[in-house]
Amino acid sequence: MSRKRMIYEGKAKILYEGPEPNTLIQYFKDDATAFNAEKKAILDGKGVLNNRISEFMMTRLGSVGIPNHFIKRLNMREQLIKKVEIVPLEVIVRNVAAGTMSKRLGIAEGTQLPRAIVEFCLKNDELGDPLVSEEHIAAFNWAQPHEMDEIIAMALRVNDFMSGLFAGVGIKLIDFKLEFGRYFEDETQRIILADKISPDSCRLWDLETNEKLDKDRFRRDLGGVTEAYAEVARRLGIIKESAGGAEIVDIKSGGK
Ligand code: TYD
């Protein structure tokens with residue numbers, strides 16, 4: 001690993017140069033951060049679980065026609081991905097009020113929204129990822145209007161698919177964050193889903209008890225963070241329980 005050239009280090013991942021042109025290796029760290037990295041911890045095994053959960057989601061989304069950057073998982077912590085130019089937006093889809101939406105608008109956490117709501121935040125840590133409108137995005141050229149149409153349509157399709165997938169395993173998809181990128185191939189350019197999908201960037205509540213199975217366990221000091229991520233992986237069939245705790249079983253990687 002040390003001989004690979006590092007391209008970028010983020011809060012929960014590292015990107016290395018890939019083995020072929022137009023590819024990167026995405027490495028999942030155990031680091032957890034919240035509140036714009038003011039709160040930090042290392043959670044043993046989180047990276048391994050997130051690598052598998054993200055592989056599972058991206059593969060499933062690819063199989064229903066949502067183009068994404070995932071190529072294949074390489075090992076416990078790394079996956080091969082397509083290199084993209086990241087659109088500098090955090091695209092958030094919400095089904096139920098929680099987190100900053102509840103705080104900003106005074107809507108009680110847990111309130112079902114009348115329809116899925118898509119929000120955009122500018123990816124800028126120094127500014128604390130501020131909420132921006134499509135007017136800002138167009139005026140400052142962060143993305144073209146036709147790219148925004150594709151991003152919104154894709155985000156809503158991801159929401160429909162993932163809501164159903166999670167409901168099938170007894171989990172309510174409250175909200176989540178996506179990132180998109182521009183993929184250049186044969187002199188054409190298209191928008192594809194990028195980054196990662198894991199309980200770090202989704203709110204997932206048990207359908208019956210409303211128990212939180214996501215990073216809010218870390219943000220709010222509820223404990224059992226890795227255990228909750230393992231529970232999500234177990235329900236999705238990615239890992240099975242064994243006498244010694246959670247054991248990762250092979251899933252077909254697909255999506256190649
Ligand atoms: P939000 O409630 O806006 O913010 P916070 O996570 O600070 O409470 O988050 C909505 C969803 O999007 C939530 O599942 C977390 C995810 N998200 C990220 O993963 N990264 C981000 O930078 C932001 C703003 C949200």
Side-chain angles (χ1 to χ4, degrees), residues 8-13 26 28-41 43 46-47 49-51 53-54 57-58 61 68 86-113 115-133 136-137 142-143 151-152 154-156 158-159 161-163 165-167 171-181 193-206 210-222 225 228-229 231-232:
Y8 165 88
E9 177 155 15
K11 287 170 238 168
K13 72 175 183 203
Q26 176 162 254
F28 288 76
K29 302 198 286 185
D30 281 342
D31 302 55
T33 62
F35 313 117
N36 209 6
E38 273 168 39
K39 178 170 179 165
K40 290 185 196 166
L43 302 171
K46 178 175 82 80
L49 287 164
N50 282 353
N51 186 19
I53 295 171
S54 198
M57 287 301 167
M58 293 295 189
L61 289 167
N68 66 70
I86 288 286
V87 174
L89 299 172
E90 314 248 350
V91 178
I92 294 166
V93 184
R94 300 180 184 272
N95 298 305
V96 174
T100 56
M101 176 186 243
S102 292
K103 272 191 218 112
R104 204 182 291 125
L105 304 180
I107 301 171
E109 196 156 81
T111 307
Q112 179 70 44
L113 300 171
R115 43 168 278 188
I117 293 177
V118 184
E119 289 177 354
F120 311 101
C121 293
L122 180 65
K123 267 173 74 72
N124 184 323
D125 284 340
E126 274 167 42
L127 300 176
D129 294 344
L131 188 68
V132 293
S133 72
H136 296 113
I137 296 166
W142 294 321
I151 286 173
I152 294 166
M154 252 194 264
L156 290 171
V158 171
N159 185 44
F161 183 78
M162 290 209 317
S163 293
L165 190 68
F166 278 121
I171 293 174
K172 213 185 308 176
L173 179 60
I174 304 299
D175 59 29
F176 59 95
K177 185 262 304 188
L178 299 175
E179 293 185 28
F180 292 87
L193 179 62
D195 194 43
K196 50 198 159 18
I197 300 178
S198 76
D200 273 354
S201 53
C202 300
R203 282 197 171 89
L204 303 169
W205 294 1
D206 181 89
N210 281 341
E211 186 191 355
K212 296 182 199 311
L213 300 170
D214 56 58
K215 204 167 91 175
D216 272 346
R217 299 204 71 84
F218 172 67
R219 291 189 192 90
R220 302 178 189 191
D221 294 322
L222 299 174
V225 187
Y229 287 31
E231 173 65 12
V232 172

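Residue indices begin at 1 and follow the sequence shown. Counting convention: from 1, in listed order, for ligands and their atoms alike.
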At a 4.0 Å threshold, what atoms of ligand 1 neighbour a non-hydrogen atom of [X]?
X      : value
Gly99  : 2 (O), 8 (O)
Asp129 : 22 (O)
Ser201 : 14 (O), 16 (C), 19 (O)

Self-check item: Option whose closest heavy atom lies nearest to atom 12 (O) of ligand 1, chosen from Glu90, Arg203, Lys177, Arg104
Solution: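 Nearest option to atom 12 (O) of ligand 1, by heavy atoms: Lys177.
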Quiz item: When you measure from atom 11 (C) of ligand 1 to each heavy atom in Asp175, Asn36, Ile197, which option holds the nearest one?
Solution: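 Among Asp175, Asn36, Ile197, the closest heavy atom to atom 11 (C) of ligand 1 belongs to Asp175.
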Quiz prompt | Any residue meeting side chain to side chain contact (heavy atoms under 4.5 Å, CB included) with Ala97, in chain and number order, not counting sequence neighbours | solution =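 In terms of side chain to side chain contact (heavy atoms under 4.5 Å, CB included), with neighbours along the sequence ignored, Ala97 is linked to Met101, Ser102, Ile107, Thr111, Leu113.
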Counting non-hydrogen protein atoms only, what is the nearest one to [atom]? Give residue, atom name and distance.
atom                    : value
atom 6 (O) of ligand 1  : Arg219 NH2, 3.0 Å
atom 24 (C) of ligand 1 : Ile92 CD1, 3.7 Å
atom 4 (O) of ligand 1  : Thr100 CG2, 3.4 Å

Practice problem: Look at ligand 1 and say whether Lys123 reaches it with a heavy atom at a distance under 4.0 Å. | Solution: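 Contact absent.
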Quiz prompt | side-chain hydrogen bond (donor to acceptor under 3.5 Å, both in side chains) against Asn36, all qualifying residues, sequence neighbours excluded | solution =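 Partners of Asn36 by the side-chain hydrogen bond (donor to acceptor under 3.5 Å, both in side chains) criterion come out as none, since no residue qualifies.
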Quiz prompt | Ala34, portion touching ligand 1 at heavy-atom distance under 4.0 Å | solution =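 Under 4.0 Å from ligand 1, Ala34 contributes no heavy atoms.
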Quiz item: Relative to ligand 1, is Lys215 under 4.0 angstrom through side chain, backbone, both or neither, heavy atoms considered?
Solution: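 No part of Lys215 comes within reach of ligand 1.
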Quiz prompt | Min side-chain heavy-atom separation Arg203-Phe176 under 4.5 Å | solution =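 No - every pair of side-chain heavy atoms lies 4.5 Å or more apart.
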Is [X] salt-bridged to [Y], going by a charged N under 4.0 Å from an acidic O?
X      : Y      : answer
Arg220 : Glu109 : yes
Lys123 : Glu179 : yes
Asp200 : Lys46  : yes

Quiz prompt | Leu122 vs Leu131, side-chain contact (heavy atoms from CB on, under 4.5 Å): CA-CA, chis, key distance, verdict | solution = CA-CA 6 Å; Leu122 180 65; Leu131 188 68; over 6 Å; no
Quiz item: Just by distance, with hydrogens left out, do Lys13 and Asn50 show a side-chain donor and acceptor under 3.5 Å apart?
Solution: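 Side-chain D/A pair, Lys13 to Asn50: absent.
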